[in-house]
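Predicted model only: the values in this text are computed from it and were never measured.
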Amino acid sequence: NNGRVTGHLLIESAHAVENAFLIIGEIQFALVFNQVEIDQYAAEINICINDAPLWWPHTHGTPTLLDAALILDASDRNYKFELGAIGFKHLSLTRDAKKLEFIINGQSIFARGATWTTDNIVSLSTSEQSLRQQLIIARDAGVNMLRINGTMAYETDTFFKLCDELGILVWQDFMFA
């Protein structure tokens, strides 16, 4: 179970980046920033985490998430940026004439789902508390995947964060309507 984190960081700062670290869970990775322009520093991230804990739909295991943060030691002071939680999973899809099958972490997953609709059709947003309550009800009913169809608005970051935390997959259609 190897987790992989890749990306590109670009920082604009009047102060030189002297040391930088990406922290994922309890593991700290040193990053190398290079000056690319005046007041701009860049770093490439390509990290492999051996034996990374896997994120699972709640019906098949624990939706394990690890907190991530970026630490920068600059010439003026130290900075810490909380990056939120991340999960590691291997996802593949098998399609043939007779079936469509989701494979997560090597295991076939039967999607027990529903179409998601906001509880506030006027503003298309809701409080985090109400959203959490609705998603817990869905999870407790056995839902492991929610579909946001193309006639609805895209959901908030809070919605996706809560789905990650609760072990609910999201099928997001493109908005065509």
Donor-acceptor pair, side chain of [X] and main chain of [Y], under 3.5 angstrom:
X	Y	result
T62	T64	no
N105	H90	yes
N144	F110	yes

Interatomic spacing from [atom1] in [X] to [atom2] in [Y] - rounded to 0.5 Å:
X	Y	atom1	atom2	value
C163	R139	SG	CZ	11.5 Å
L66	I23	CG	CD1	12.5 Å
Q134	T126	CD	OG1	5.5 Å
D164	I86	CG	CD1	10.5 Å

Search all heavy atoms of [X] against all heavy atoms of [Y] and return the closest pair with its distance.
X	Y	answer
A74	Y79	CB-CE1, 3.8 Å
I148	F160	CD1-CZ, 4.3 Å
D173	Y154	O-CE2, 4.0 Å
E155	W116	OE2-NE1, 2.8 Å
L10	A42	CD1-CB, 4.1 Å
E82	A69	OE1-CB, 4.0 Å

Test log, rule side chain to side chain contact (heavy atoms under 4.5 Å, CB included), inputs K80 and L72: CA-CA 6 Å; K80 182 176 183 179; L72 296 176; over 6 Å; no
Identify whether [X] and [Y] are in the same connected component of the hydrophobic contact network (ILVMFWY, side-chain heavy atoms under 4.5 Å).
X	Y	answer
V5	I27	yes
F81	Y41	yes
F21	V32	no
F88	L22	yes
I71	I11	no

Neighbour count >12 (heavy atoms, 6.0 Å) for atom CZ, F29: yes
Over 12 non-hydrogen atoms of neighbours within 6.0 angstrom of CG in D157: no
From CA spacing to verdict: side chain to side chain contact (heavy atoms under 4.5 Å, CB included), L135, L166: CA-CA 8 Å; L135 290 171; L166 296 171; 3.6 Å; yes
Short N-O contact, K161 and E128, less than 4.0 angstrom: yes
E101/R95 salt bridge by N-O under 4.0 Å criterion: no
Worked check of side chain to side chain contact (heavy atoms under 4.5 Å, CB included) between L131 and F159: CA-CA 7 Å; L131 190 55; F159 171 84; 3.9 Å; yes
Note, L83 side chain near L70 side chain (heavy atom, < 4.5 Å): yes
pair R147-Q172: side-chain heavy atoms closer than 4.5 Å: no
Remaining members of the apolar cluster that contains F102, side-chain heavy atoms under 4.5 Å: W55, L65, L91, L93, L100, I104, I109, M145, L169, W171
What donor-acceptor contacts under 3.5 angstrom involve side-chain atoms of residues 46-53, with partners at least two apart or in another chain?
residue: N46; atom: OD1; partner: R4; partner atom: NH1; Å: 2.8

Derivation of the side chain to side chain contact (heavy atoms under 4.5 Å, CB included) call for F33 and E18: CA-CA 8 Å; F33 275 87; E18 297 170 353; over 6 Å; no
